[in-house]
Structures are given as structure tokens and as C-alpha cells.
Amino acid sequence: MTVSTVTPPRLAGSPGRGEPRRRARTTLRRLLPLVPALILLVVFMAGPILWSVYIAFTNETLTGSASVNSRFVGVDNFVKMFGDEDFRNSLLLTFVFVVGSAVVGQNTLGLIIALLQRGRGRVVRSVVNGVVIAAWVVPEVVAAACWFSFLSEEGTLNEVLGAIGLSQDWLFTAPMIAIILANVWRGTAFSMLVYSAALSDVPGELLEAAAVDGATTWRRLVHVTLPLIRRSILSNLMLITLQTLASFGLIYALTGGGPGTASQTTPLYMYEQAFRYFEIGYGSAMALVMLVIGAVFSLVYLRLIKVDG
Amino acid sequence: MRRAMVASMLAVAIAATAGACGGGASQKSTNGSKEIEVLYKTSPTWPYMDRVLKQAKTQYEAAHKGVTIKLTAVQGENEVYYTKLALLNRSADSAPDVYLHDTFQVNADVAAGKLAPLDDYLKSWADWGSQYPDSVKQAAKGPDGKIYGVPISTDTRGLWYNKDVFAKAGIQVPWQPKTWADVLTAARAIKQKVPDAIPFNIYSTKPLGETATMQGFEMLLYGTPGGTLYDDTQKKWVASSKGITDSLSFINTIYRENLGPKQADAFNPKLGDKVSGEWLPSGKLGIDLDGAWTSSAWKPTGTKPWPQWTEKIGWTPMPTQNGEAPGAVSMSGGWVMAMSSYAKDKKDSFDFISVVTNKENTLTYSVGSGDLAPRKDVAADPQYTAGNPAVKFWTDLASVTHYRPAYEVYPKVSAEVQKAMEAMTTGAKTPDAAAKEYADALVGVVGGPDKVTSGS
Amino acid sequence: MTRVAARWAALVSLTVVTLAFVGPFLWVVLASLQPEANLTAKPTFRFSLENYAAVLNWETVFRPVINSIIISGTTAVLTVVVAGLAAYPLSRYKLRFKRHFMLTLLFTTGLPVTAIMVPVYSMFFRFNLYGSVPAMVLFLAASALPFAIWMMKNFMDGVPVSLEEAAWVDGAGWVRSLLRVVAPLMAPGVAVVTIFVFVGQWGNFFVPFVLLDTPEKQPAAVTIYTFFSQYGQVAYGQLAAFSIIYTAPAVVLYVAVNKYLAGSFSFAGSVKG
């Protein structure tokens, strides 16, 4: 739906007939409240997206002669990108990050916490909820500071592990694990809330009936609960995948993508190319690739819930 | 009519936004008074420019009623500053009028038309003719022969070493290495006899940015026979040479034999602060390949006052690879005060530059930062040499120093150098593989195979 | 496994999870109160508020926090008002393209908008919007809108039309019925969406980092990053104190709407367009 719906041109060209015109007016008046939202979405959402399509095919830079005369370079940026070892590395790391953090970490942990909370008292629930949600509410840079202190060489974790001789500089030896852990810590609350809501819709009688039939806890979970909340699982997976895909601030503040390129996911590589090496066109081409990946996920997501519903 | 309404609402929305943003820039000349915006960098361990500019602001505003100097500091290391400056510099509204600029970036900005030539103003500034040596004047000369900045600092590079560590390692001081092999021998001796000290520090990773390229790689490359990044006679970039491979091999040796800092430290963007603020004073580091300014932290006014440094620390030139003439190598860069081509009041802006770079302020800066003085009167001032027995040594290195080929594409070449060095640091590639990769990448970076050559 | 055993197993697991989530917080809280904090969360018996006193000044805390309040506040209010207006016809009338529109919105929710900060910067620069706080707020509001419209419509669907019909009989137009009848009934929903957007922007680092020019305009998210990278290895205690001051408003706001939060996360049944 676009602005054209607000003023269907056909109606403007048919002034003679009173009845449809009045109905059109009613429709228009009813749609009026949508106008501010449409303007914002068209100018500040569709705008940047279209702009990224345009800029990805130019050689725009921040400085040097190409900053004054940027020109169309066709698919040069894309050719360069797929021959760029660091870019391929960044895609791989992004994939590892998304799978490790979103699909495995946040999703599973969120489900487990939601399941464990079923039937617990109010106090237990609010303490657990409170702590998990607090981690979610913490701004990403603060989360990075927390984890930096926790994992760094003189940090809390090493203080504990030092006793058994396992201390090391975790941010250096295991940067991917560090950013995945930190992101799981921050992102689990969302999945937990989704699953808590979904589980509260699972009828207790069904589970009890299954229990009476002798089904173990595990079988009840796999055969009764999970199929019933299937749609929430899909929705949650898609949403957190898309959020994690574009994650920047936490990684930037925690490892800066390093050491070297060891935790440089695509958003960080894009940032480096654009704002450190001043290649705006090249960075935009990467942005476009990320956008397309996001769009594909988003479409799959829509298809899944549509088929399901 | 409705369509017109929608269109006009859209127009209002856009106009409101555009108007609101114009507000920031239009403040510049309200009620007849002028404002000059100055951009520079500062950090907790490098407050020197901040001090000088505040001093210059007071002086200038007292002498020029009706002109306000607006100082905008960027908190962070060089790399952060380059980014912020480039972002601000793109439009007339956000560009600062006057800014501190690293000389190696001047040509790219000249090509982009962002810098204003200063020649017309310099002509009527007596100091320019009398106080700046010709070599210093070249610091910010564009390809068109015009001058785009007044130097506030220059520098040289060489080796610092800790005499206590050397004593423990049984190395005689004063230490005078003649070849790279001498340097490695000393580092190995330290590793063997002083296990709790890092034998040798070289900057070699991307987070260190230009510092790594210049203090690290170029200090090696320009000490190899015929080693250079750019062939001046052919006017081409050197894609491959024995010097490039040998320099990478040297870095590789340092890290493979564990003679360098730990990997985690090598990647710390604040490694320089660790070296001067912690490692050298506490005897945790033997040899440091670094700049003339390193000792500034140890002054009474510095960030890590350490009066004993003059006895505990030694300095010596970085030798050429096998002792080839002239026996030593150094690289020089420096910072200038530059003026934006968008500056509205160019005359006032230049006047401010001339205040920042006057004798008093340059002296404050040089004494504080430990950078070498670009002005003759400052270099001759007793305050400049007071308390720093090393200053003559670093100044004299000018006789063997090299300058970077600061062409428009240099920053990108530098990025490729850093990549190759980083692969040596981590051990991800062999020196030959990294050198080959550099050669391949260079073609794309400098704009085609006809712009590169292979050196000796 | 008996029920009692299962119960205990669940409680023990929950305790472990809770401790794991509390872990990284420990350092911030302890370090902020210790005058000689380092990177380890090791309490000594000397507590003081020195660190807080050291950062509570105009440039470090007050100005950035005020900027954050302005940026997040206007974004949240703008988003909620615009989303509330848009949700009304979507919830109340049969519209031809409604399903398509709702699906498009849902699709947009999925786009990784922060991933396109580079072209967004380029666009802002080209249209002379770089450094403009209002323009950035409009961009933030637009990126929060799809999700906000979704949530608002769901909340509005929960308000019975019959109540409104009474108002219509009295001759009230849609504006009045929206303000007088619908809005009060969906106050909890409005609060959830407002706070959701507000807290989202409160922590947003990337967008202002790229789109704003001078330090005077930067919100706390950016200044705390600068502080972290500049003093993070020196003034640990102050960094921790700054972190707590900056995090507290977000946590307080969430606690305030916690009661209604769970209900907003029910995805089942929300996609029927």
C-alpha cells in the first residue's frame, strides 16, 4: 500500500457520479489518520532503502577526488565484494554469530527459562524475569563494558579461573565466543517473553492428559508443547535472527571486530570500509547485500506464518 | 485538492526537517559577531593540543573583539579523529573552519577541494619567511605547489631502550646497533636473560593504523637497500621488492620468536600509552621502535611523570638493514593547522592559525608533546631543550629521515601495509604470501597495473 | 522423577541461570562504589561515592543524558502518536488493502535498518541533514513505526467497538472518539509501546554515532562509548558509575510496565490482518 491509495486517480477523473464519489470521500476521510505514518515511512524508510540501491552502484568516497565527482561504476562494487577475502570472512562470521547467538543461544535459553518458570511461584518468576530483563534493557555499550570487565585479562572470570590455571585473555583467544555470550546474555529476555506468552496459551489439561497416559516430561515437551507453540517458535527465530544480523554496537564496543578480523562481522566490516577507509559506495553495496539477506529472511518468515495460519 | 494537500504536507514535513538542520550552521554569524570553529583531537594521555588551543583562543579573542573561537575536541586516537574529520568535512555546514590535520592526508583533501591554499596569507606573515626551514614548509604542499597548512609539529623516529633491562641482559650501554641483526641479537638476549620483560616493541596491527605503517613498516622498509613505497623517478608505486619482503620477514621473526608484545597488546589501540606510561618506566620493555615524542609522558607536566628517565632510558638510531649508508633510518611526518575551503572568514581563520603557530604557542606545544619544533626560534629556545637531553639526538635524525609518499591514495596503500603486517603479527601468512597479497591488492588501490612497478 | 524432585531441579536450574545473568552486572555495581576499582569484581570494605561525584558534571553525564532524554523522548512520543493515528483506521474499518499493508509492515519490521547506516549517512549528507537532531529523530521514528503500528493495532483491536458507537451516537467524530474513548482504554498498551520505543532509542548507539556531528548533540550512548574507549582502561570506577547512571532510567521504566509486558509478546493470532 502506498500513497496512491489515498488519492486513487480514477476517482478524480469521474466527477459526474455522486454516490461513488461520496463513498470515496468517506474512504479518504477514514484514511486520513494514516497519512503521517505513510509520509514518515516513505521519506525515512523507503527513502534510505532506495538511496542505498543508488549509492551502491557508485564509487562515492569520503575524501579524495571521488568525493567530489562520484560516478556510476555499475556492478564494480559487487564484483570487488565477492572477490574480497575479508568480506567473505565477515559473512561467515556473521553466520556463526547469528547461529550461535540467536538460533542456539537466545532461542534455546529463552525457551528453557520459560519452561522452567511454568508453575513456579510469583516471587521466583519475578526475580528470574527481573534479572533476565535487566540484561536486555541494559544499553549495548554498557553490556559491552560489563562483559569486557568480566572477560578481560585482569577480569572477574580469570580471577575465578586463575585458581585452576585456566586464566587467559578471553577477548583475544576466543573473541567470537565472547561476543556470542554477551549477545545471548542481552538477547535471551526477548525469546523468554515470547515463549512465556506462548506457553501460557498451552492448555494445562492437554499436558495432564498426556501425563496420565504415561508420557515422560521430555515426550510431553516434544509431542505436545512444542507443536502447539510452533508458530511462536518460528516468529521468535525469525525476529531474533534479523535483529542479530545487523548487530553492531555491542561487537564494536567489545572487540572492535578484532583481534585482526577474528570477530569482524559484516556490519563491522561495512563500517570499517565506509568510515575508516572512506569507501562509502563499497560500504553501501555491502549494506544492500545485508538488506537483501534480511528481506529474504523476512519473506520466508511471512510465508511461514501465512502457511501456518 | 486532496492530492495537493498531501503534497503540501509532505513539503512541510521536509521543509521542517531541512530548516531545523540548517539551524546549526546559521548560528555562525548571528548578531554581527563572527565565530571560527576549530577541530582538533585530544585524549586523556595526549592533552597537549587542547592546552595550546585554549591558550591561543584567549590570546586571539583578546586581540580580536567580536570574533569567537569555538573549539571542538574529538576524543580519541588518530584513527577516530581521521574519521570524524572526514565526516564533518564533507559539507560546508558541518566543516570546521580551521583544523589540526595529519600531513599524510593533506593531498587527498586537496584533491577533494576541501582545503584552502594559504599562500596569499603566508606572504604577509613575516614568521613564515623567517622562522620555518624550507624542508618544514614542504610538509603540507599540495600537488599544485601551493601550501595547505602551517606545521605545528614534526617528528623523527628511532629506538628507545631501557638501560636496566639491558644491564640485566648483559648488553653494553650505550647501545649502538649497526644492523637489523644487531637489534635481533639484543632482543634475543633480553628474552633469554630477562624473562619478565618484553624484548622489542614494534607497532604492527590495524588498530594502530598509520602508527603501525610509519613507526613499524616504513622504519624497516626505508632502511633496506633502495627500499621505498613509491618510485619517484618512474612515478609509480612499488608493488613488490626484496625490501618489502625482508621488512615483513623481520616483523615475522619478532613475533614468531616471541620477541614482541603479546598478541592481545599488539592489537590494543592504546598500545602507545602502555609503552610510555607503563612498560618502559617499570622495566617491562627492552627496546621500543617509536617516535621522538615518547619521552614527553615522563616530564613533570606529562601524564606519567618520571624524573629518572634521563638515566634509565637510552636512545639510538634505527640501523639500516645491513648497515648500508647512511647507517641509520628515520621517518618524519607531522601535523599542520589547515583551513577549510568552506571557511567563511578566511582572513580571520588564517589569523587564528598564525596565533596558534606563533612562537609562544608552538613552544608550549613542543615542550608538552615532545614533538620536534618546526620553528627555528622555538628550536633555539632554552626551554625547548631544558630537561630533555634527547632532543638534540632526535632533531639531528632529520639528516637521515624520509617522508611518506603522501599522495592521494597513500592512506589506502597504508591500509594494505597494515594488513600485511597484521598477518605477520598473528602468523596467519608467511612473509612471501603477505608480500604477494600486498602486490596484488596494490594494483586495485592505486588505480591500475600501469601505476605500479616492482622494485629491486 | 517425582514431582518434588522435578520442582527442585527446576528451582536449582533457575538459580544457576539467575546467577549467570547477574554475574556480569556484579563488576559494574561493585566497581562504581569502590574508589580504587580495577577490572575484577572484588569487593573491599571501602565504599564511597567518589566515582559518581567525579562523573556527575555537565560534559560527562548531564548534557549527554539530557540529549538522550530529548532524542528518545521525542522519538517515542512521535512514534506513538503517529502509530496510534495509523492504527485507528486499520483497526476500525474494512479497508481494501489492509491485509497487504499489514503484511508490508511486518516485512519492514524484519529489515535490518541499522545495517544500512552507511547509505543513510550518505543520504543525510546529500540532503544536508547530517548533524540534524530533528532529522535523525524522524528517521528513528520511521524505523520504529512498523512495529509500533502493529502493536498499537493489536491493542486497539482489544477495545470493543460498542463503546465507541455510543460516542458516535452522541455525535463525536473519530478524533474525539479516539481521544476520549479508545485512548484511555488502551493506556497500558500505549505505555508499553512508548517505553519500548524509548528504551530502544535510549540504548541506540550506531545511529547517533554516525548521523550526529558535534559532541554537544551526542546522547549518552555515544559519550559512554567514548568514555569507555578513552578511560575504560584507566578510570574503571568512573566508567562503572557512568554506566549505572545511564542504565538506571531504562531499567526503572521497564519495571514500571513489566506487568503489561508479557501480554505484548503473544505472536499467535496477531497476524490475521
- Query: In terms of heavy-atom pairs under 4.5 Å, which option from C/Val251, C/Val28, C/Leu145 contacts chain A the most?
  - Reply: C/Leu145
- Applying a strict 4.5 Å limit to non-hydrogen atoms, the region of A/Leu116 in contact with chain C is both
- Side chain, backbone, both or neither: which part of C/Leu105 has a non-hydrogen atom closer than 4.5 Å to chain A? side chain
- Is it the side chain or the backbone of C/Ala240 that comes within 4.5 Å of chain A heavy atoms, both, or neither? neither
- Given the options A/Val137, A/Leu250, A/Val124, A/Thr241, which has more heavy-atom pairs under 4.5 Å with chain C than any of the others? A/Val137
- Query: Will you find, in the side chains of A/Ser284 and A/Glu60, an N or O donor that is under 3.5 Å from an N or O acceptor?
  - Reply: no
- Per-residue contact mode, C/Val210 against chain A (heavy atom under 4.5 angstrom): side chain
- A/Leu291, A/Asn129, A/Leu245: which one forms the most heavy-atom pairs within less than 4.5 Å of chain C? A/Leu291
- Query: Taking the six-membered ring where the residue is Trp, are the ring centres of A/Trp51 and C/Phe127 under 6.0 Å apart?
  - Reply: yes
- For chain A, the option from C/Ala248, C/Gly23, C/Ala86 that forms the most heavy-atom pairs under 4.5 Å: C/Ala86
- Report the distance from atom CE of A/Met45 to atom CG of C/Leu138, rounding to the nearest 0.5 Å. 13.5 Å
- Task: State the OH-CZ distance between C/Tyr93 and A/Arg29, to the nearest 0.5 angstrom.
- Result: 7.5 Å
- Message: Under 4.5 Å from any heavy atom of chain C, what part of A/Leu299 do you find: side chain, backbone, both or neither?
- Response: both
- Message: Between A/Thr266 and A/Thr94, is there a side-chain donor-acceptor contact under 3.5 Å, judged purely by atom types and distance?
- Response: yes
- Message: Is it true that, when you exclude A/Phe297 itself, more than 12 heavy atoms of the residues, nucleotides or ligands shown sit nearer than 6.0 Å to its CZ?
- Response: no
- Query: Which residue out of C/Leu253, C/Ile149, C/Thr18, C/Thr108 racks up the most heavy-atom pairs below 4.5 Å with chain A?
  - Reply: C/Thr18
- Message: Donor-acceptor check, side chain of A/Arg186 to backbone of A/Val138, threshold 3.5 angstrom: yes or no?
- Response: yes
- Can you tell which part of C/Val22 gets under 4.5 Å to a heavy atom of chain A, answering side chain, backbone, both or neither? both
- Scored by heavy-atom pairs under 4.5 Å with chain C, the best of A/Leu62, A/Leu242, A/Ile293, A/Ile49 is A/Leu242
- With only heavy atoms counted, which part of A/Arg30 is less than 4.5 Å from chain C, the side chain, the backbone, both or neither? both
- Query: Does the separation of the ring centres of C/Trp150 and C/Phe147 fall below 6.0 angstrom?
  - Reply: no
- Measuring heavy-atom distances to chain A, does C/Arg126 have an atom under 4.5 Å in its side chain, in its backbone, in both, or in neither? side chain
- State the CZ-CG distance between A/Phe150 and A/Leu171, to the nearest 0.5 angstrom. 11.5 Å
- Side-chain heavy-atom pair A/Ile240, A/Ser191 within 4.5 angstrom cut-off: yes
- What residue, out of C/Pro24, C/Pro112, C/Ala83, has the most heavy-atom pairs lying under 4.5 Å from chain A? C/Pro24
- Using a cut-off of under 4.5 Å for heavy-atom pairs, which of A/Phe275, A/Tyr271, A/Phe248 has the most such pairs with chain C? A/Phe248
- Message: For C/Ala87, is there any backbone N or O sitting under 3.5 Å from a side-chain donor or acceptor partner on C/Ser91?
- Response: no
- Task: Among C/Phe25, C/Phe242, C/Tyr88, C/Tyr246, single out the residue with the greatest number of heavy-atom pairs under 4.5 Å to chain A.
- Result: C/Phe25
- Given a strict heavy-atom distance threshold of 4.5 Å, which part of C/Ala250 is in contact with chain A: side chain, backbone, both, or neither? both
- Query: Checking A/Ser70 against chain C: side chain, backbone, both or neither under 4.5 Å from a heavy atom?
  - Reply: side chain
- Message: Under a 4.5 Å cutoff for heavy-atom pairs, which residue among C/Phe125, C/Phe107, C/Phe139, C/Phe124 has the most contacts with chain A?
- Response: C/Phe107
- Item | Most chain C-contacting option - heavy-atom pairs closer than 4.5 Å, from A/Pro267, A/Ser200, A/Ala182, A/Ala145 | A/Ala145
- Counting N and O atoms only, with roles assigned by atom type, does the side chain of C/Ser243 sit under 3.5 Å from a partner on the main chain of A/Val142, one being a donor and the other an acceptor? no
- Note on the structure: To the nearest 0.5 Å, atom CG of C/Leu129 lies from atom CG of C/Leu211 at 9.5 Å
